[in-house]
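What follows is a single structure, written as structure tokens, with notes after it.
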Amino acid sequence: MAAEKDQQGGIQVIARAAAILRALARRPGGMSLGDIAAAVSLPRSTVQRIADALAAEGLVLTASSARGVRLGPALLSLAAAARFEIAEA
């Protein structure tokens with residue numbers, strides 16, 4: 001039962017991180033943590049914790065308070081590595 005709860009928590013954090021990345025994709029100029037929290041309906045502290053983890057991986061940048069959080073350079077290499085054939089869908 002504990003393993004199932006941990007697995008659900010792991011899945012939940014991935015879904016939350018993906019929601020944050022999608023919100024940032026809609027605002028390429030960047031968003032404040034508060035704006036992200038409102039967009040994804042999560043507490044600001046949760047958004048900050050996830051954004052910090054994403055920043056550590058280069059998936060987002062948190063360079064300045066003026067620009068806020070924005071998508072990071074590591075996403076480019078991931079996108080370039082994606083091979084999607086429309087026929088597969």
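Computed from a predicted model, the values in this text were never measured in an experiment. Heads up: numbering here begins at 1 and tracks the sequence.
- Here the side chains of Met31 and Leu24 are in contact, with some heavy-atom distance below 4.5 Å.
- Here CZ of Arg44 is found 12.0 Å from CZ of Arg49. Values are rounded to the nearest 0.5 Å.
- Here the closest heavy-atom approach between residue Val47 and residue Ala37 is recorded as CG2-CA, 3.7 Å.
- Tracing side-chain contacts under 4.5 Å through hydrophobic residues (I, L, V, M, F, W, Y), one never reaches Leu76 starting from Leu59; they form parts of separate clusters.
- For residues 22-38, every residue pair satisfying the side-chain hydrogen bond (donor to acceptor under 3.5 Å, both in side chains) rule, not counting sequence neighbours, is listed here: Ser32-Asp35.
- A side chain to side chain contact (heavy atoms under 4.5 Å, CB included) with Ile50 holds for exactly one of Val40, Ile20, Leu21; it is Ile20.
- Residues Ala25 and Leu71 share a closest heavy-atom pair of CA-CD1, 3.8 Å.
- Between Ile36 and Leu42 the shortest side-chain heavy-atom distance does not fall below 4.5 Å.
- The two atoms that bring Val60 and Ala51 nearest to each other are CG2-O, 3.5 Å, heavy atoms only.
- Between Val69 and Leu61, every side-chain heavy-atom pair lies at or beyond the 4.5 Å cut-off.
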